[in-house]
Amino acid sequence: MPSRSRPADVATTDARRAHAARTAAQDLLAVDDLTIAFEGGAGRPLTVVEGVSLRMSAGGSLGLVGESGSGKTIFCRALLGTLDRHGARVVRGTLTYKGRDFGRASERVWRRIRGSEIAYVPQSSLASLNPVLTVAQQLTSVIRLTEEARGHGRTDLRRRALALLESVEIPRAEQVLDQRPIHLSGGMRQRVVIAAAIARSPSLLVADEPTTALDVRVQRRILDLLGSLRQRLGLALLLVSHDLAVIEEMCESVAVMYAGSIVEMGRREQIMSDPKHPYTDGLLSATIGSDGGREPIPGEVPNVGAWPDGCKFWPRCPLTRWLGGGSPRPECHSGERPSLRVVVGRSSACLFAEAMDGRPTIVAHGDGSGTP
Amino acid sequence: MIQKLRQRSLRALLVAWGVSLTAFAVVRLVPGDPVLTLLGDQATPEAVAQLRRALHLEGPLPEQYLAFLTDILRGDLGASIVTRQPVLTTIGQTLPVTLWLTGLGIATAIAIALPLGVLGGATASATYLRAFRVVSSVVIAFPVFVSGLVLLLVVGVQLRWLPVAGYAAFPDNLRYLALPALAMGLPNGMIFARILQQSVRETSREEFVEAGIVWGLPRRELVLNYLVRPSLAPTIGLMGYVVGASLASAVILETVFNLPGVGTFLVRGVLARDYPVVQGTLFVFGIIVVAVHFVADTVAAWIDPRVGSPL
Amino acid sequence: MNLPGGPLSGRLAAWWNGMPPRVRTGLVIVGCLVALSLVIPLLSPYDPQRGTGTDPLSPPSVPHLLGTDHLGRDVFVRTFVAARLDLLLAAVGVSLPLVVGTLVGSTIGSTRSRLVQYLGEVAIEGINAFPTLIVVIALIAAFGPGANSILVALFLTAWARYAKVARGRALTIRDIGYLHVARGLGYRWPRILAVHVAPNVFPTTISYAVSDFVIVILAIAGLSFLGAGVQPPTPEWGAMMSEGRLYLAQAWWLALAPGILLSITAVAVSLIASGRTEDAFTQSAR
């Protein structure tokens with residue numbers, strides 16, 4: 001059942017929209033109330049992303065955090081216009097890139113901006129590279145699409161491919177060019193994939209868990225690479241990850257996603273040090289227990305199609321129980337979805353965001369109660 | 001890569017040896033004495049002994065086989081009892097025709113299979129798939145010599161677009177080979193199409209196809225390099241078996257269309273009980289099939305590194 | 001189709017309706033063909049082996065539905081007498097390898113003896129490695145042309161194919177409990193084979209036999225066409241086509257009538273065979 005904004009929040013939403021419209025000229029990417037659904041079996045569409053709104057400006061960096069099942073990857077696909085391949089489509093809201101709404105655009109329209117404006121770095125480089133073609137063949141086919149290389153011969157294209165590999169700091173680039181992906185290491189492959197993504201000098205780079213499949217040392221280097229590329233090329237970076245440490249390092253802004261919706265969004269320093277949503281708080285505690293005190297949030301992300309009413313986080317939320325004296329507050333588990341509102345300089349979807357104050361954070365106990 | 005090549009070569013040689021054994025054995029499976037059968041009851045003992053020697057039919061079997069093997073390695077496949085011509089020479093004259101026919105037949109099959117396979121692999125229409133499956137079943141089951149005759153009748157006799165018999169050198173031979181190649185190519189094309197279709201369908205779901213889309217690659221490139229090329233390996237791997245079956249079709253079609261190929265040579269040899277001809281031709285066919293298997297497997301592995309180690 | 005009363009016809013009806021439409025089509029066509037091949041030779045006034053009073057090479061007309069051939073024989077009755085022969089030969093050509101191959105294959109597949117397993121595999125794989133038609137042709141060179149030679153040659157190459165299928169199936173049921181029990185009880189091998197193994201393997205090999213039928217009937221007709229099988233004047237589809245080929249320009253119906261019927265048979269049996277396998281590609285569209 002699609003959620004609607006509460007009457008009291010319409011004013012807030014309108015105000016925010018007006019503000020957004022004023023700054024729209026500066027926004028590279030503007031997503032408003034984006035809702036995506038799968039064509040479910042038995043005719044009923046399954047909503048997987050609900051009411052997501054966010055902004056990115058040119059050269060900015062936004063980290064999208066969430067556990068698996070939060071809808072982050074489908075959201076990425078929406079940004080690349082490949083939803084139909086997965087049986088999903090935009091059912092509500094807008095996705096505006098450089099002022100133009102692409103949310104329900106046709107394939108032909110998307111072809112104009114894919115690769116050249118918006119690029120994608122996938123999680124699995126092995127699955128994302130053509131196994132039967134060499135690195136050179138794949139890179140040159142992308143390079144051929146750029147303005148400068150139009151009409152140029154094979155030698156020139158190869159030279160450019162070599163330069164591209166060197167720009168992503170691949171050692172022995174000349175040899176790598178003639179290899180097939182299966183013969184390269186994970187770190188090398190990821191660099192190749194990044195190279196292909198930046199080949200056409202896009203303005204926005206969407207990186208979906210780019211380092212998750214790599215080991216720690218290689219992760220470090222890939223992140224450094226991404227950082228330096230961003231600076232050099234002025235890329236805007238949308239980094240999707242479940243790993244808060246990565247997000248914290250790379251992104252100026254953070255958006256926390258849970259079960260298809262954004263629950264908190266704001267500048268990195270604010271979110272990380274002073275979360276105003278129990279879910280964010282829980283994620284931070286789960287990460288921070290480096291002394292062995294890792295406490296993952298009890299429970300699991302609800303499955304698509306089985307989302308609870310009200311605030312989707314309420315079954316796992318320690319705050320609602322603490323405030324309700326042991327049982328969840330009725331405002332949280334019934335009624336409509338809470339929408340983002342401005343709380344202490346960032347946006348939070350928690351109805352009781354003000355009740356959360358600084359560290360130490362609320363620790364959830366097994367029985368669902370919580371202590372600050 | 002080199003190591004797999006070596007393994008494959010070794011296997012091929014082994015099978016080639018097996019082919020020689022079979023060629024040798026098959027002719028000697030006759031109940032009774034083949035020489036007497038050929039010469040009849042009135043044969044003189046000298047004639048019998050002479051023929052026996054000529055056919056390598058005297059002495060214990062291992063000796064016979066050794067003689068057979070050494071002859072083959074020297075390039076001597078014996079001589080026809082009927083024409084007295086060396087078998088190898090006649091094969092040399094007739095083999096090009098058969099190879100042309102088989103080659104054209106396979107080319108036709110590929111030309112039919114590529115568009116059908118890609119179309120079927122990319123489509124979402126269940127109606128098309130069902131229709132294709134029925135039509136392909138019918139075409140595959142249709143006997144090759146009947147379709148050859150029908151083509152001969154309609155195109156050659158009634159419409160007189162193409163000749164009905166005979167042969168010429170390249171490029172004229174294409175006119176004589178067009179109809180039989182089509183008859184051969186249709187069912188094989190459908191078989192290839194089915195397999196290619198399945199393969200393309202699986203490939204289209206792969207993530208690297210989406211990656212190619214996301215890079216903004218043009219559609220033509222996506223179809224050729226990201227759908228078709230990675231899907232080819234299973235089809236190419238089949239080529240060894242298809243060539244074997246095509247050779248069998250070629251034998252029949254050569255008779256239908258009166259082409260002077262190895263098939264006609266073999267059939268005449270069979271009907272005349274001309275053992276050296278049968279033995280030699282069988283051996284050559286077997287070697288060709290082994291060679292094609294070898295080349296096909298190697299090409300498939302070169303095109304697609306995912307192809308596993310040879311069985 | 002409505003069959004009158006009784007639980008047996010109820011099951012028959014259920015089985016019939018369970019078949020996909022293309023399989024039913026195939027069964028109907030084959031059924032009609034078999035019926036016609038039995039009935040027409042009985043009803044026709046013409047002798048398939050002798051010329052009638054009519055001119056040779058006359059086109060299809062009222063008394064001679066498919067015209068007459070170069071010897072004045074009625075093509076219509078010849079075609080269906082040939083149908084009877086070809087269907088019979090193919091049936092024999094399939095059933096013998098089916099039975100022998102299944103028994104041998106099942107034995108190899110369920111035996112515990114390493115030696116038997118190994119020898120069996122070598123024999124089966126060895127025979128299956130060669131393109132069938134070529135080997136059959138060579139065997140016919142050795143045995144001489146004729147229907148018997150074809151059957152023997154086909155049998156020698158075909159049993160190994162059935163054995164391979166049977167062996168594969170037997171392997172999957174080898175370690176099922178009741179085999180152990182049967183052995184433990186001291187049952188002798190032939191009994192185990194007959195009672196336990198074979199009934200589980202035969203459905204698979206029979207299913208294979210249906211598709212093999214097409215190959216066999218085409219091989220018989222093809223070889224006869226080449227002159228290596230059934231010899232004229234015996235009416236047989238391949239032999240008739242071979243004779244008819246010489247008169248293709250004047251009397252195309254001579255070669256085409258048997259050809260069309262052969263094709264119909266082949267296609268119909270393929271349709272029946274295709275019912276056994278639910279292809280992946282119709283499924284993947286869903």
Side-chain angles (χ1 to χ4, degrees), chain B residues 15 18-19 22-23 26-31 34 37 120 123-126 129-130 132-134 137-138 140-147 149-150 152-153 156-158 164 194 197-198 201-202 241 244-245 247-248 251-252 255-256 266-267 269-271 273-275 278-279 281-282 285-286 289, chain C residues 22 126-127 129-145 153 156 211 214 217-219 221-223 225-228 237-238 241-242 244-245 248-250 252 255-256 258-271 273-274 279-286:
Chain B
V15 180
V19 168
T22 312
V26 153
V27 163
R28 284 161 180 76
L29 270 176
V30 191
T37 324
T123 189
S125 159
L129 289 173
R130 234 174 312 147
F132 173 75
R133 190 247 204 88
V134 172
S137 292
V138 171
I140 291 175
F142 210 83
V144 136
F145 54 105
V146 176
S147 45
L149 269 177
V150 170
L152 188 59
L153 180 66
V157 174
Q158 305 284 23
V164 300
R194 278 191 180 182
Q197 179 175 294
Q198 181 64 4
R201 195 159 272 281
E202 285 168 2
Y241 300 100
L247 285 176
V251 168
I252 295 193
T255 304
V256 174
L266 175 65
V267 172
V270 167
L271 293 177
R273 320 285 281 278
D274 197 338
Y275 297 121
V278 174
Q279 195 173 263
T281 321
L282 194 66
F285 270 168
V289 174
Chain C
R22 61 179 184 278
I127 295 184
F130 295 90
T132 313
L133 207 64
I134 310 286
V135 178
V136 166
I137 285 183
L139 285 173
I140 291 181
F143 299 137
L156 286 177
S211 28
V214 180
I217 202 173
L218 291 182
L223 289 167
F225 176 79
L226 294 176
W237 280 334
M241 286 170 70
S242 167
R245 187 173 72 91
L248 207 55
Q250 311 106 294
W252 52 267
L256 230 60
I260 301 275
L261 255 94
L262 175 64
S263 312
I264 292 179
T265 311
V267 170
V269 178
S270 303
L271 287 178
S274 74
D279 269 66
F281 52 81
T282 26
Q283 279 207 347
S284 55
R286 294 176 205 155

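Throughout, a chain's letter reflects where its sequence line sits, starting with A, and its residues are numbered from 1.
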Heavy-atom distance under 4.5 Å to chain C: side chain of Leu271(B), backbone, both or neither?
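Just the side chain, heavy atoms under 4.5 Å.
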Return the minimal non-hydrogen interatomic distance between [X] and [Y], and the atom names on each side.
| X | Y | result |
| --- | --- | --- |
| Ser270(C) | Ala141(B) | OG-CB, 2.9 Å |
| Leu218(C) | Pro143(B) | CD2-CB, 3.3 Å |
| Arg245(C) | Val256(B) | NH1-O, 3.0 Å |
| Leu262(C) | Phe145(B) | CD2-CZ, 3.6 Å |

Heavy-atom cut-off 4.5 Å, strictly under: side chain, backbone, both or neither for Leu248(C) against chain B?
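Both backbone and side chain of Leu248(C) come within 4.5 Å of chain B.
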Is it the side chain or the backbone of Ala268(C) that comes within 4.5 Å of chain B heavy atoms, both, or neither?
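The answer is neither part of Ala268(C).
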Do Leu226(C) and Val270(B) have side chains that approach each other closer than 4.5 Å (heavy atoms only, starting at C-beta)?
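Sidechains of Val270(B) and Leu226(C): no contact.
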Mind ranking Val267(B), Thr255(B), Val278(B) by heavy-atom pairs under 4.5 Å with chain C and telling me who comes out on top?
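Looking at each option in turn, the highest pair count goes to Thr255(B).
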Only pairs of heavy atoms separated by less than 4.5 Å count here; which of Val144(B), Ile140(B), Val146(B) has the most with chain C?
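So the answer, after comparing Val144(B), Ile140(B), Val146(B), is Val146(B).
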Who are the side chain to side chain contact (heavy atoms under 4.5 Å, CB included) partners of Val138(B), not counting sequence neighbours?
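Side chain to side chain contact (heavy atoms under 4.5 Å, CB included) list for Val138(B), sorted by chain: Val267(C).
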